[in-house]
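Encoded as structure tokens, the structure appears first; notes follow it.
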Amino acid sequence: MASPDRKGTPRVIIVGAGLAGISTAIQLKKQLGFENFTIYEKADAVGGTWRDNTYPGCGSDVPGHWYSLSTDLNPNWSSYFVNQPEIRAYWEELFYKYDFLSHTKLGHRVVSAEWDSDAQLYRVVVKETSTGKKTETEAEIMIYAIGGFMSPLFPKDITGVGKFRGLAWHSARWRHDVDLKGKRVGVIGNGCSAAQFVPIISADPSTQVINFCRTPQWYAPRGNFKYPRWLQWIFGHVPLVMRWYRNWIMARSDIMFLIFRKDNRLLVAIAQRVLSRYIKQMAPKDQVAQLTPSYAPGCKRIIVDPGYLEALNRPNVTLSWESIKGVVEDGVELKSGEIVPLDVIIFGTGYSLEPVDLSVRGSKKTTIHEYFKEQGGATAYLGTCMPGFPNCFTLLGPNVASGHASVIFSQESQIGLAIQLIKPIIDGKAKSFEVRDEATDKYNTWLQKRLGRSVWTDCNSYYQVGGQKQTKIIATFPGPVGLFWWLTRRARWSDFIGVGAEAWEKQRGRDTLKKRGLLVGLLSLAAGLGLLLEGQRVVERILWLVVD
């Protein structure tokens, strides 16, 4: 059970007990000393995407020391890139370390939230997933930490899956009870997930793998390595070593953003040449031409190759580039009319970015989905706030992700911004803050202008509305994560409408004047001392002339 509400204390609801939800709860406790929050998680366990994705070879393509919280560094990562069980264990450990179980309701889904302008709070409907029973609750602040990869995505143009007499599943819902030994397995898709599990399932030579591909991908060498025990000891016991190591990883990775800007033509050309050479070195010679994309690197997420290209050289692995007409009883029918017989079909076709659980009605009586539709796609201010939705924050919202960096860092930046906006409310100095339309429009005009000069306009990808390159880019931020941190590091209060914040705003104005006055005073003192010292030097020079 969640902690009971303290009388007169604002209440916070966190939707989701995944990485963003746990990170938010930690900062509420650490920065604000605040504990009147409830985490609602629709599943029966915590961990988000690392709870749900358990397919063979599942892991992060971001180094573990960066794919973790800056407040809770982990000296014990076993390797540079970390696999799913270890990542999930890290986040579960944090959940119990900070005693969040007493704040969490597992198996409960937030169905909807509606803003009551008179009461200055959200009226929230929650459903218990096991029984379907609905209850109502209230909260002054809503934080949607539901992430960007929520529901498995099945291609709409591949029909007939229900006709298949064999077994079929999505990689995000892996069937660990099925032994693939001796079976003909069709893998649909060649993105990050498929690239991770194809090398694992094809390691058994009795398993025949036919990988159906639509679009070629760019691959970069993974270069993974184990951390020796002595280095883990240094990370854990020698101050600042692990922090500086993490900063080095971040700085090196963030520079990679330069290849995502079309203006940097030389860098883009060099990246294309280097990655093309890697494909040529690792892939079967007769597949190199089809495996090498014509679009710029980074237009789709570059795959940090976990051994996929090398696995394609195995005699039990086959690539098929012919379009699929549909699934039939015995396997997959190609558009040529050929039927490929299969025992198992695995969809490695990614995830839907549609925020289904983001069902919120705001101060203008419209929903977030209606606002997105009006804007031509998901839109937000710094990916975090939307006009018309006071005290509502979305983590890993529109245009927050990157194609080269850690989303954990970006989420921490968002949480830092949200904490600034939440603090006056928790302190009882304000009722609500709502981002202005003009501030959101100004930010997104700048955002889309920069995105228009990026490589993400070069091909179709899940970064865009409907996966079509002629539509709005809604997933990625057009810059290094260091820039995103800079933009979120300090709330621009003029971009927000405050309700019940008049006294607080006056006090903040007085504090600003005091700071400016202090700065002017210090500058004046420094200038005066400079003149005094300069005057002394002039007198000294005259005296020396007299003495000489």
Side-chain angles (χ1 to χ4, degrees), residues 57 59-63 66 79-82 187 189-200 202-203 209-226 248-322 348 350 402-406 453-463 469 476 480:
S60 173
D61 58 3
V62 175
W66 195 16
S79 56
Y80 188 69
F81 293 107
V82 192
V187 176
N190 62 332
C192 295
S193 300
Q196 289 182 337
F197 69 76
V198 165
I200 306 298
S202 64
V209 177
I210 301 93
N211 191 185
F212 298 94
C213 307
R214 180 176 295 178
T215 308
Q217 309 279 349
W218 286 110
Y219 302 87
R222 195 169 190 226
N224 201 11
F225 57 86
K226 296 280 187 180
W248 173 76
I249 293 174
M250 172 183 168
R252 189 185 66 172
S253 299
D254 221 12
I255 291 172
M256 292 302 295
F257 173 76
L258 293 172
I259 70 170
F260 296 156
R261 292 183 62 82
K262 287 182 177 180
D263 298 342
N264 301 325
R265 294 179 182 177
L266 179 60
L267 290 177
V268 173
I270 292 172
Q272 191 159 345
R273 191 178 307 121
V274 170
L275 298 184
S276 296
R277 188 182 303 129
Y278 177 71
I279 294 173
K280 188 175 181 179
Q281 289 173 345
M282 302 303 296
K285 302 305 178 188
D286 62 341
Q287 291 290 336
V288 169
Q290 287 179 300
L291 283 166
T292 305
S294 58
Y295 57 82
C299 183
K300 292 177 181 286
R301 188 172 180 92
I302 297 172
I303 296 174
V304 182
D305 185 15
Y308 174 79
L309 292 178
E310 188 176 4
L312 297 181
N313 292 283
R314 294 170 179 166
N316 60 322
V317 179
T318 305
L319 286 180
S320 174
W321 294 94
E322 191 171 340
S402 72
H404 69 290
S406 171
R453 300 196 301 271
S454 73
V455 298
W456 297 315
T457 62
D458 207 32
C459 65
N460 297 330
S461 75
Y462 69 82
Y463 296 152
K469 65 180 180 181
T476 46

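Atom set for the values below is all heavy atoms of this structure, side chains included, hydrogens, waters and symmetry mates excluded. Residue numbers start at 1 and run along the sequence shown.
M250 approaches W66 most closely through the heavy-atom pair CG-CZ2, 3.4 Å. Listed here is the closest heavy atom pair of P293 and L291: CD-O, 3.3 Å. Taking both residues in full, the closest heavy atoms of A271 and P297 are given as C-CG, 4.2 Å, listed atom of the first, atom of the second, then distance. When all heavy atoms are compared, the tightest approach of A194 to G189 is CB-O, 3.3 Å. In plain terms, the two heavy atoms of S202 and P199 that are nearest each other are OG-O, 3.5 Å. Considering all non-hydrogen atoms of both residues, W321 and P216 come closest at CZ3-N, 3.8 Å.
When side chains are defined from C-beta on, V268 does not count as touching K262, because their heavy atoms never get closer than 4.5 Å. Between L275 and I302, the closest side-chain pair of non-hydrogen atoms falls below 4.5 Å. Side-chain contact between I249 and Y80 is present, with heavy atoms from C-beta onward closer than 4.5 Å. Annotation: side chain of R261 is not in contact with side chain of V455 (no heavy-atom distance under 4.5 Å).
How far CD of Q290 is from CG of L319: 8.0 Å, rounded to the nearest 0.5 Å. Here the SG atom belonging to C213 is positioned 13.0 Å from the CD atom belonging to E322, to the nearest 0.5 angstrom. Here R314 contributes atom CZ and N316 contributes atom CG; the two are 7.0 Å apart, rounded to the nearest 0.5 Å. To the nearest 0.5 angstrom, R453 atom CZ is 10.5 Å from N264 atom CG. To the nearest 0.5 Å, the span separating CG on D458 from NZ on K300 amounts to 11.0 Å. Here the CD1-CG distance, from I303 to L309, works out to 8.5 Å after rounding to the nearest 0.5 Å.
For R214, the CZ atom is loosely surrounded, since the number of other residues' heavy atoms within 6.0 Å does not exceed 12. Other residues, nucleotides and ligands contribute at most 12 non-hydrogen atoms within 6.0 Å of the CD atom of E310. Heavy-atom contacts from other residues, nucleotides or ligands closer than 6.0 Å to CE of M256 number 12 or fewer.
A side-chain N or O of N211 and one of Y308 form a donor-acceptor pair less than 3.5 Å apart.
Side-chain atoms of S320 do not come within 3.5 Å of backbone N or O of F212 as any donor-acceptor pair. With hydrogens and angles disregarded, a donor-acceptor distance shorter than 3.5 Å links the side chain of T457 to the backbone of S454. Side chain of R301 to main chain of G191: no donor-acceptor pair is present (N/O by atom type, distance under 3.5 Å, no hydrogens or angles). Between the N460 side chain and the K469 main chain, a donor and an acceptor come within less than 3.5 Å of each other. Under the 3.5 Å distance criterion, the side-chain polar atoms of N313 are matched with a main-chain donor or acceptor of M282. Not one N or O on the side chain of W218 forms a donor-acceptor pair closer than 3.5 Å with the backbone of I279. Formation of a donor-acceptor pair under 3.5 Å by the D254 side chain with backbone atoms of P480 is not found in this model.
Residues in residues 265-280 take part in these side-chain hydrogen bond (donor to acceptor under 3.5 Å, both in side chains) pairs, two or more places apart or across chains: Y278-D305.
Ring geometry for W456 against Y463 counts as perpendicular: the plane angle is over 60°, on a 0 to 90° scale with 30° as the lower cut.
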